[in-house]
Number of protein chains: 2
Amino acid sequence: MKPVTLKEIAEILGISITTVSKALKDYPDVSKKTKRLVKETAATLNYKPNAFAVNLRTRESKTIGIIIPEVVHHFFSSVIKGIIAQAEKKGYLVIILQSNESFELEKKQIDLLLSKRVDGILMSLANGTVNFNHLNEIIETDTPLVLFDKIAKVVKCSKVIIDDRKAAYTATKHLIDIGCKKIAHFRGPLLPQNSIDRFLGYKQALTDHNRPYDPSLVYICNCSDKSFDEGKESAQKLLKDHNDVDGIFINTDLVAIGALTEFNKQGIKVPDDIAVVGFSNWFMSSVISPTLSTIDQPGYDMGKTSFKLLYKEIKQRKKKEPVTFKTVELPTELVVRESSTKSITVEN
Amino acid sequence: MKPVTLKEIAEILGISITTVSKALKDYPDVSKKTKRLVKETAATLNYKPNAFAVNLRTRESKTIGIIIPEVVHHFFSSVIKGIIAQAEKKGYLVIILQSNESFELEKKQIDLLLSKRVDGILMSLANGTVNFNHLNEIIETDTPLVLFDKIAKVVKCSKVIIDDRKAAYTATKHLIDIGCKKIAHFRGPLLPQNSIDRFLGYKQALTDHNRPYDPSLVYICNCSDKSFDEGKESAQKLLKDHNDVDGIFINTDLVAIGALTEFNKQGIKVPDDIAVVGFSNWFMSSVISPTLSTIDQPGYDMGKTSFKLLYKEIKQRKKKEPVTFKTVELPTELVVRESSTKSITVEN
DNA sequence: ATACAAATCGAAAACGTTTTCGTAAAATCG
DNA sequence: CGATTTTACGAAAACGTTTTCGATTTGTAT
C-alpha cells in the first residue's frame, strides 16, 4: 500500500539506510555483494525513490515548465511535441501551462512554476504581454529561461526564433515574382514582434521592387481563436475597398484559409484573380482547395532546439560554469502551392 | 539569490519557524498582530513555499499526469486544453506525456509519473496497448486514475467516453437516409475498442436497414500520422474494387480528408457520386471543399469532465471516503455538411 | 490572594533522501 | 608481527515544511 522506502529495504537487509542509498547509486564504497542484494530487494519490492525527498535534498526537480499562448494550435502543439520528446530523453518531465494570450495569466503561471521549483522554463510570449518584469523575475531566481518564437529581444536569455522579416520578405517577393502588381497584407496584432517583423518584411519587399507601400492595403487581424472568421471578414473588406488587388501576403495560415473560403464563395479565382501566401504551414493548408502557399515554420525543431538550449544552461549552472546565452535562428522555407502558381494555372 | 525560507522570516522577526508557518496558514493560535507582521515580511521578501518540502510533508504534489497517444492532434490538444483549464482552477499542475501509440512507452511513462508521486493520472490508451497490467499497477499504488476516450472496459476506474457505436450508427444511418445504396467503411486499427465499436455501429445500421453487410467494403487504416495518405490509398483501392459504392463512413476525419482529396483528383463528385461522413469534427473539416460531414466529438468537454472526475476521487481518498467509480458518456452530434447533402447539391 | 481558562507561542518530530565524515574490519606490506 | 593502507559500512546532518503537544503568559472569576 504505502510506497517502499529506503528505510524498509535497510531493515529487511539489516543494514543502514546510507548503504542502501549508496548501493542503489553505485557508490564505490559498497561491496558488490551488498549492491546485488540491495538492488534485488529493491526490484522485488518495486522501490521507487520519492521524488520530493530527492528534490528537496538535491534541489533538482527534473521538471521543466513551458508556457505557451494556446495549446490547440498546430504550430504550438508541434513545438510541445518536440520539447517533450527531447526532455524525455534527458529524464525531464514537462509541465504545460497556457496563457491564453493574457499577460496577467502569464505572470501567475510563472509564479506557479517558480514555486514548483522547476529546473527551467520555456516560453513563447502572449500577444498581451506589454512588459517583461515577470521574465526578469525568473532570471533573478537563477532559473534558466529560453524564449522561442514569440520572444522579447531585450530579455537576457537564450532564444530560438525564425527570421520573420526575411520569411515575409521572401513570401512577398514571391508574389512580386509571379507578377502581382498590387499586393495587400493581412497582418497580425500590433504588439508582438513577429507580426511587426512580418509586416516590415512585406513592406521592405515592396519598396525594394519599386512598389509603393500603401497603408490602406494592410488589414489587422488579432489572430485569436476567431482567426478563420477574421480572414473572411478582412477578405470582404478588401474586396470592397480595393478591387484591383491581385496578391495578398497573410500573417498566418488560418486567416489565409478564412480569406480563401471567402474568395471561393464570392467567385474570386485564386490565384488567377488574387494570389495568396500564408504563414506557418499548417497541415490543413496542404489539403484545402486551392492548396495554400505558405512559409514553413519548423515547430517540432523549434521545440527540440529550445529544450537543448535549456538543458545546456541547466548543466552549466549546475557545474557553476558561466552561462552563455545563444540565439538560434531556424531556417524557414517558402512552400509554393496552388494559391500562388499563377502561370501554371493560367496555362491550363 | 537563494529562495527565501520560513527560517529566514522567523529570524528576521525573532520568532519561531512554527509561528511563521502557522501565521501564513491562518492558524487560530497566532495573534492577529504577528499574523500581519509575518504576512507583510513574507510578501516583501517574495516568499514562496518550497513545493518539495510541502509535498514531502503532506504527501500531496498538487500535480497530475496525463498520458495521450499524440499531442499534435486536434482532438487530443482540445482535451489537453480542457484538462489544463480545469486543473488550474483547482490549483493543480499538469504533466503531459506522449505514448506515440506505443505500449512500451506507455508503461515507462506510468512508472515516471508514479515515481513523481502525482496525485492522479488521466489517460487515453495507445493503439498498441494489449494488456492492462500497467493500469492495475497504478490502481495498486492508490493513485486515482481516469481513462478517457480510448479506454479499457475491464479496468476498475472512472471513465469518460462517447458512444462510438451509436455515433457510427447515426452516421451510417444518415448515409442510408440520403439514399446511399452501397456504403463502404474505412475503419481504424483492429485493436482499440473505438474503431471496433465504430465498425459495429456501421454494421448494425446496415443490417437494421436491410443492407447486406459486405466485408469487402471495409478497409483498414492505421490512423497513424500517415492518416491522410492512408485515406488517399484506401480511396484508390475502393474505386478499383467497387465502382458502385455511393457512400462511405470513415473512422476519422483526417482519413476522410485524404479520401476526399483523392476523389477530387479523380473527378469523382462528392456527394453526388459518393457521399462521405467522417468522425471527430476536426476544424479542418469545415473549411475543405466540399466541407465534410462528421461526428462531433467533444474534446474540450471530455478533458474538463475527466479532470472533474479525477478531482472528486482525489478528494474522496483524502477524506478516506469510499471511492466511487463513474463512467460518464458525453453526447456526440452528427454535423451534416456538403459531403453528404446529396439532395440539395443535386437540385442545384 | 488562588484557581482556572484562554490566548499565544515554540520545541521537536516527521516526511525520505543524499552526502560528509568517521570508524572498524580486512587486506597489504615491510 | 606491527604498521599502514584499503575496503566497507554507518551515524548524523541537512533539505524546508507541517503539526502535535506541551509550556508560558495573560486574563477572568472566585
Side-chain angles (χ1 to χ4, degrees), chain A residues 1-39 41-42 45-63 91 114-119 141-142 318, chain B residues 1-39 41-42 45-63 91 114-119 141-142 318:
Chain A
M1 213 70 151
K2 288 271 157 259
V4 186
T5 69
L6 288 184
K7 195 177 168 189
E8 298 178 46
I9 298 180
E11 279 167 2
I12 290 176
L13 261 42
I15 58 179
S16 77
I17 297 177
T18 310
T19 308
V20 176
S21 172
K22 286 182 184 171
L24 288 174
K25 316 198 84 198
D26 271 326
Y27 270 57
D29 63 343
V30 175
S31 71
K32 293 195 200 309
K33 204 205 298 179
T34 42
K35 268 183 192 170
R36 193 171 43 75
L37 232 55
V38 169
K39 283 178 181 172
T41 51
L45 293 183
N46 198 18
Y47 167 77
K48 296 203 181 70
N50 182 316
F52 304 145
V54 176
N55 297 340
L56 180 59
R57 183 56 225 235
T58 62
R59 324 180 102 70
E60 258 201 325
S61 67
K62 286 282 180 182
T63 302
L114 288 181
S115 69
K116 272 277 168 181
R117 305 288 202 275
V118 290
D119 293 345
T141 64
D142 252 333
K318 207 174 161 187
Chain B
M1 213 68 151
K2 287 271 157 258
V4 187
T5 68
L6 289 184
K7 193 176 169 186
E8 296 177 46
I9 299 181
E11 278 167 1
I12 290 176
L13 260 41
I15 58 180
S16 77
I17 297 176
T18 311
T19 309
V20 176
S21 172
K22 286 182 183 171
L24 288 174
K25 317 198 85 201
D26 270 326
Y27 270 56
D29 62 343
V30 175
S31 71
K32 294 195 198 309
K33 205 205 299 176
T34 43
K35 267 183 194 172
R36 194 173 42 74
L37 231 58
V38 169
K39 283 178 182 173
T41 50
L45 293 183
N46 197 18
Y47 167 77
K48 296 204 182 70
N50 182 317
F52 303 146
V54 176
N55 296 341
L56 180 58
R57 182 59 224 235
T58 62
R59 324 181 102 66
E60 258 201 323
S61 67
K62 287 281 180 183
T63 302
L114 288 181
S115 71
K116 272 277 170 181
R117 304 289 202 272
V118 290
D119 292 345
T141 64
D142 254 334
K318 207 174 162 188

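Within every chain, numbering begins at 1; the chains are lettered A, B, ... in the order of the sequence lines, protein sequences first and strands thereafter. Side chains included, hydrogens not; waters and symmetry mates left out as well; all remaining heavy atoms used.
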Exercise for the section: Determine to 10° how strongly the helix from dA1(C)-dT30(D) to dG30(C)-dC1(D) is bent, judged from the axes of its five-pair ends. Expected result: 50°
Would you mind reading off the distance between [X] atom [atom1] and [N] atom [atom2], rounded to a whole angstrom?
X	N	atom1	atom2	answer
Glu60(B)	dT17(D)	CD	P	17 Å
Ile15(A)	dA8(D)	CD1	C1'	11 Å
Asn55(B)	dT17(D)	CG	C1'	10 Å
Leu6(B)	dT19(D)	CG	C1'	13 Å
Ile9(B)	dG16(D)	CD1	P	13 Å
Lys22(B)	dT17(D)	NZ	C1'	14 Å
Lys2(B)	dG16(D)	NZ	C1'	14 Å

Exercise for the section: Would you indicate, yes or no, if dT17(D) has its OP1 or OP2 atom less than 4.0 angstrom from a side-chain nitrogen or oxygen of Tyr47(B)? Expected result: yes
Handout entry: N or O in side chain of Lys25(A) less than 4.0 angstrom from dT18(C) OP1/OP2
Key = yes
Problem - Exam field: side chain Thr18(A) to backbone Ser16(A), donor-acceptor pair closer than 3.5 Å - result: no
Rounded to the nearest 0.5 Å, how far does [atom2] of [Y] lie from [atom1] of [X]?
X	Y	atom1	atom2	result
Leu37(B)	Lys32(B)	CG	NZ	15.0 Å
Ile17(A)	Glu8(A)	CD1	CD	10.5 Å
Ile15(B)	Lys22(B)	CD1	NZ	11.0 Å
Leu114(B)	Lys116(B)	CG	NZ	13.0 Å
Leu6(B)	Thr19(B)	CG	OG1	11.0 Å

Problem - For Glu11(A), side chain to side chain contact (heavy atoms under 4.5 Å, CB included) partners two or more places apart - result: Lys7(A)
Handout entry: Derivation and outcome, side chain to side chain contact (heavy atoms under 4.5 Å, CB included), residues Ile9(A) and Val4(A)
Key = CA-CA 8 Å; Ile9(A) 298 180; Val4(A) 186; 4.2 Å; yes
Handout entry: Check against side chain to side chain contact (heavy atoms under 4.5 Å, CB included), Thr41(B) and Leu13(B)
Key = CA-CA 9 Å; Thr41(B) 50; Leu13(B) 260 41; 3.6 Å; yes
Exercise for the section: With heavy atoms under 4.0 Å as the rule, sort Pro28(B) into base, sugar-phosphate or nothing. Expected result: nothing
Fill in the blank from the handout: Of Phe52(B) and Tyr27(B), the one whose nearest nucleotide on DNA chain D sits closer to the 5' end is Phe52(B)
List the atom pairs, with distances to 0.1 Å, where a side-chain N or O of residues 46-57 of chain A and a protein N or O form a donor-acceptor pair under 3.5 Å, not counting sequence neighbours.
{"from": "Asn50(A)", "atom 1": "OD1", "to": "Phe52(A)", "atom 2": "N", "distance (Å)": "2.8"}
{"from": "Asn50(A)", "atom 1": "OD1", "to": "Ala53(A)", "atom 2": "N", "distance (Å)": "3.2"}
{"from": "Asn55(A)", "atom 1": "ND2", "to": "Ala51(A)", "atom 2": "O", "distance (Å)": "3.0"}

Atom pairs, N/O to N/O, protein against nucleotides 12-15 of chain D, distance under 3.5 Å?
{"from": "dA12(D)", "atom 1": "N6", "to": "Thr18(A)", "atom 2": "OG1", "distance (Å)": "3.1"}
{"from": "dA14(D)", "atom 1": "N3", "to": "Arg57(A)", "atom 2": "NH1", "distance (Å)": "3.1"}
{"from": "dC15(D)", "atom 1": "O3'", "to": "Arg59(A)", "atom 2": "NH2", "distance (Å)": "3.3"}

Handout entry: For Ser115(B), all residues meeting side-chain hydrogen bond (donor to acceptor under 3.5 Å, both in side chains), sequence neighbours excluded
Key = none
Practice task
Using a cut-off of strictly less than 4.0 Å between a heavy atom of the residue and any atom of DNA chain D, enumerate the qualifying residues of residues 29-37 of chain A by number.
Solution key: Asp29(A), Val30(A), Ser31(A), Thr34(A)
